[in-house]
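Predicted, not measured: the structure shown is a model, and the values here were computed from it. By convention in this document, chain letters (A, B, ...) are assigned in the order of the sequence lines, proteins followed by strands, and residues within each chain are numbered from 1.
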Amino acid sequence: MNGPHDLGGRHGFGTVTPEPGEPPWHHDWESRMHVMALASQVRGFFVLDEQRHACEKLPPAMYIHCNYYERWFAAVAGLLVSKGVITQDQLDARVAQFLAGEAKAPVDDGSGDGLGDTLVSIIHSGATAMRDPVGEPVLAVGDAVVAKNLQVPTHHRLPSYVKGKAGVVTAIPGAFTLNDSLAHGGGEDPTYVYTVAFSAGDLWGEAAESPADTVYLDLFETYLTPA
Amino acid sequence: MNGPHDLGGRHGFGTVTPEPGEPPWHHDWESRMHVMALASQVRGFFVLDEQRHACEKLPPAMYIHCNYYERWFAAVAGLLVSKGVITQDQLDARVAQFLAGEAKAPVDDGSGDGLGDTLVSIIHSGATAMRDPVGEPVLAVGDAVVAKNLQVPTHHRLPSYVKGKAGVVTAIPGAFTLNDSLAHGGGEDPTYVYTVAFSAGDLWGEAAESPADTVYLDLFETYLTPA
Amino acid sequence: MPAQDPDEHRHGTEHHWNPPEETEAKVRALESLLVEAGVLTPADIDQMVDEFETNLGPMNGAKVVAKAWVDPAYRERLLADASTAIEELGFRGLQTEVVVAVENSPTVHHMVVCTLCSCYPWTLLGIPPTWFKDNAYRSRSVLEPRSVLADFGVTLGPDVEVKVWDTSAEVRYLVIPQRPAGTEQMAEAELADLVTRDSMLGVGFALAPEAVG
Amino acid sequence: MPAQDPDEHRHGTEHHWNPPEETEAKVRALESLLVEAGVLTPADIDQMVDEFETNLGPMNGAKVVAKAWVDPAYRERLLADASTAIEELGFRGLQTEVVVAVENSPTVHHMVVCTLCSCYPWTLLGIPPTWFKDNAYRSRSVLEPRSVLADFGVTLGPDVEVKVWDTSAEVRYLVIPQRPAGTEQMAEAELADLVTRDSMLGVGFALAPEAVG
């Protein structure tokens, strides 16, 4: 999708303003939003790829302007409603109650099923997207490739700034579940990923700071054609 | 500039919602803003190309989300301040007065110098950007060309969706003042413009509604290289 | 500013970065400062706004199209050099100095957009409608013209080729819509009433005679 | 929402589409509904937040870098297969399953970005800082890395080649910064204190020993 998230090489976003000593989260609700997204995935309501696509599909001005976890809320809440876990009416009503101070944060009553333990264990076990390869990779390290002119409105991980550009395969990290499929309720469709090197000169022409610089991306086999 | 105005082929902006019987302007202030921009150009404070670039440089979320004439105000006011016609402090103070209802719209006292007549005459005479050609065109109708990978942050009229794409020259409307130069205080630099046809298949790949469709753009010679 | 409903992507309605009254105050303030600086007078603005609202609009372009429908020689001149042909009717002007006319047919449908901003032939069609300047039209016309036409309630035949003209420099484009059936007896002036603004941008067809009644 | 100053393009500060208190109310409301639905409990969330805040952070990545500085064999393993090498120290995990380490040198400087969203090695570096998720860093790192480094107060030599890693799939990247001069005598644990988060993303250098005092 050529969405508002597809930012590589765009102009006009101003200075990077790092915040010294920034905490992981600025607000308690941000940390809780983060965990609720993970919990929803662990409960199987949706997968990470669906969450990313839900973020990309937010109205462009909202995506660009809002706080990171505002986006997560909009994406996750939208998915939970569309998956039938909660209803929009329920959510709107409860939000109104909180805004009016008529609702209180829920208190734990020990009725959990150990989800916290599960989540913590997943943090350290990971949830690899790598899968056993299916067949041999079509490309090899050293191959000259061109990134496809992929202009579909569906989810994919090919930034606009490399579409149609020529690069060279420098590594083959392995086969991974295909985001393009999972984001739309499809199967894992394990697909080889290739690390591809693009020269800054090829990407940015005269605007490159130094043509000899390199930008590397990890691109699914389906995004590449031999040069 | 790869700015927020560079919209061709982007996804996520929703439905086109035409308004039946829409008037030229929805608010009186919109029509007056329009004329003030033209008047500023006629007075020589800035040229149209500077105004376009000032719009492009607005913060992306603001550009995408705001009313068309909000953009014109931000761009024109910014230019008038930077050109020293008014100061930001003057403007802020006067806005505050209007917001507080302490200021009234100025009443005409007949002290004009006939700018209205000048503006109306320009409406009908036009202000062509066409200039006598300098030398012969480098390209000819029928030539296969490729749009340059122009990634500079300065003003230009080459949309991202055609950069690096192959097309065919179908007409040579003539030589025109070069927007890229005028937008940055440079000279007119008359440059040939070529109408170039791009096939939808080349532009959008599998996402094209019909590969045989055509998109035409008028591109300066400086944006094109022979294929 | 009202929060965008995350699931609601039909947000072609007018947006405001700032509350409208704030923008109005800014524009009023700018005018009053420019008047004080002797740059312009309120009357200058009034005069120009009146000119736009009175003498510029799709009724001009409609006259050009109607003439092309009834006068084959004029049609030839219009297709060969629209700038000069529209000048014959007095419709050449600001942002309408260099014009190219493109003619629709049963097998070819033309559409006009300015993906980069809002380039538009003022003296032929007046001030551009909001949708022409809005992100949805500008982003989708070049990518999915038929899907955009559907938003206008327009459907093309399967074998019709679409040509989209992205106004990226100073050339302006005028679409000559197909002449509706059953208008052979109509006078040029009556024909002009069938020519809508949308049909001259390629997002609509000329009206059927019955539609105008 | 405060109007953006049209001339002020330094707007990397935190934005809000809706007022923060409204977003907080939404997140609270979502939690209370999910609790009622038996999806999770407040304690589950507390436990996970605590895990993030306590056990995940740049201190983990710093240990990996310090070990690579002092242990050439480990450095080799890290450069050959970082996924397994970080697992030796227990830092493999969620969003950090497949890792590649890239080593800075006097002539090559690596930087890491996720232009499409905010991919980040959680178990090595914790939760990404706001600037890493913000539009300015994501848009400019691949285009003008040195200009971005200047925003961090970092200047590279003229002959240094920059390699930017755009995390577009599931591989995560760890930059091994150059070991500061004068640290030959320092123990591994002390060396880890010189390794900043920014240096492991390539937007800073490791600290000089004096800096840590």
Side-chain angles (χ1 to χ4, degrees), chain B residues 5 7-10 13-19 22 24 29 31-33 35-36 39 43 52 62 64-68 70 73 77 86 90-91 94-95 98-99 105-106 108 111-112 115-116 119-120 122-124 126-130 157 159 173 176 193 204 209 212-218, chain C residues 9-12 14-17 23-35 39-45 47-49 51-53 92-94 97-98 115-117 126-127 129-131 133 135-139 142-144 146 148 151-152 161-166 168-171:
Chain B
H5 68 297
L7 288 166
R10 306 303 301 172
F13 290 104
T15 311
V16 179
T17 50
E19 176 190 330
E22 182 183 8
W29 59 265
S31 60
R32 305 189 80 78
M33 186 63 239
V35 174
M36 283 194 278
R43 291 299 194 196
R52 285 190 183 136
M62 175 184 177
I64 286 173
H65 193 74
C66 74
N67 164 299
Y68 182 71
E70 266 186 277
F73 171 81
I86 57 173
Q90 271 179 322
L91 186 57
R94 190 60 57 83
V95 172
F98 271 97
L99 278 175
D108 196 83
S111 65
L115 177 67
L119 289 171
V120 169
I122 289 173
I123 280 275
H124 297 290
T128 189
M130 190 182 268
R157 297 293 292 182
F176 294 79
V193 167
W204 315 117
E209 282 183 343
D213 287 343
T214 312
V215 178
Y216 297 84
L217 293 95
D218 296 310
Chain C
H9 294 295
R10 300 295 165 273
H11 47 71
E14 201 174 335
H15 303 271
H16 292 284
W17 185 251
T23 306
E24 175 161 9
K26 288 177 179 177
V27 173
R28 298 267 180 246
L30 181 63
E31 180 178 341
S32 75
L33 289 178
L34 292 181
V35 169
V39 170
L40 48 78
T41 68
D44 292 328
I45 298 178
Q47 185 180 351
M48 189 64 159
V49 170
E51 180 65 22
F52 266 112
E53 291 181 332
R92 194 175 188 177
L94 199 58
E97 296 90 354
V98 180
T115 63
L116 293 173
C117 51
I127 291 294
T130 300
W131 58 263
K133 302 177 279 197
N135 308 320
Y137 187 73
R138 288 165 55 194
S139 58
V142 289
L143 171 65
E144 45 184 26
R146 290 171 188 76
V148 168
D151 290 347
F152 285 89
E161 192 190 317
V162 175
K163 292 177 181 291
V164 183
W165 301 80
D166 186 1
S168 53
E170 305 317 325
V171 179

Interchain contact, [X] with chain C, by part (heavy-atom threshold 4.5 Å):
X: B:Pro173; result: side chain
X: B:Arg32; result: both
X: B:Ala127; result: both
X: B:Met130; result: side chain
X: B:Ile86; result: side chain
X: B:Arg52; result: side chain

For [X] versus [Y], what's the shortest heavy-atom pair and its separation?
X: B:Gly14; Y: C:Ala136; result: O-CB, 3.4 Å
X: C:Ile127; Y: B:Pro24; result: CG2-O, 3.5 Å
X: C:Asp44; Y: B:Gly116; result: OD1-N, 2.9 Å
X: B:Pro106; Y: C:Val35; result: CG-CG2, 3.9 Å
X: B:Ile123; Y: C:Phe52; result: CD1-CZ, 3.6 Å
X: C:Leu143; Y: B:Gly9; result: CD2-O, 3.8 Å

Measuring from atom [atom1] of [X] to atom [atom2] of [Y], what distance do you get when rounded to the nearest 0.5 angstrom?
X: C:Ile45; Y: B:Met36; atom1: CD1; atom2: CE; value: 5.0 Å
X: C:Glu31; Y: B:Trp29; atom1: CD; atom2: CH2; value: 13.5 Å
X: C:Trp17; Y: B:Ile64; atom1: CH2; atom2: CD1; value: 9.5 Å
X: B:Phe13; Y: C:Arg138; atom1: CZ; atom2: CZ; value: 9.0 Å
X: B:Arg10; Y: C:Asn135; atom1: CZ; atom2: CG; value: 12.0 Å

Apply side-chain contact (heavy atoms from CB on, under 4.5 Å) to the pair B:Leu217 and C:Trp165, showing each step before the final yes or no.
-> CA-CA 6 Å; B:Leu217 293 95; C:Trp165 301 80; over 6 Å; no
Do we see a donor-acceptor contact under 3.5 Å between the side chains of B:Glu19 and C:Thr130?
->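 The criterion, which ignores hydrogens and geometry beyond distance, is not satisfied for C:Thr130 and B:Glu19.
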Does the side chain of C:Ser168 come under 3.5 Å of the side chain of B:Asp218 through a donor N or O and an acceptor N or O?
->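 Checked: C:Ser168/B:Asp218 side chains show no N/O donor-acceptor pair below 3.5 Å.
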Test B:Asp213 against C:Arg146 for side-chain contact (heavy atoms from CB on, under 4.5 Å), laying out the working first.
-> CA-CA 11 Å; B:Asp213 287 343; C:Arg146 290 171 188 76; 2.5 Å; yes
Let's test your reading of the structure: which of [options] forms the most heavy-atom pairs below 4.5 Å with chain B?
options: C:Cys117, C:Pro42, C:Gly126; answer: C:Pro42
options: C:Glu161, C:Gln47, C:Arg92; answer: C:Gln47
options: C:Leu116, C:Leu34, C:Thr41, C:Val49; answer: C:Leu116

In terms of heavy-atom pairs under 4.5 Å, which option from B:Asp108, B:Leu91, B:Val193, B:Ile122 contacts chain C the most?
->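 Heavy-atom pair counts peak at B:Asp108.
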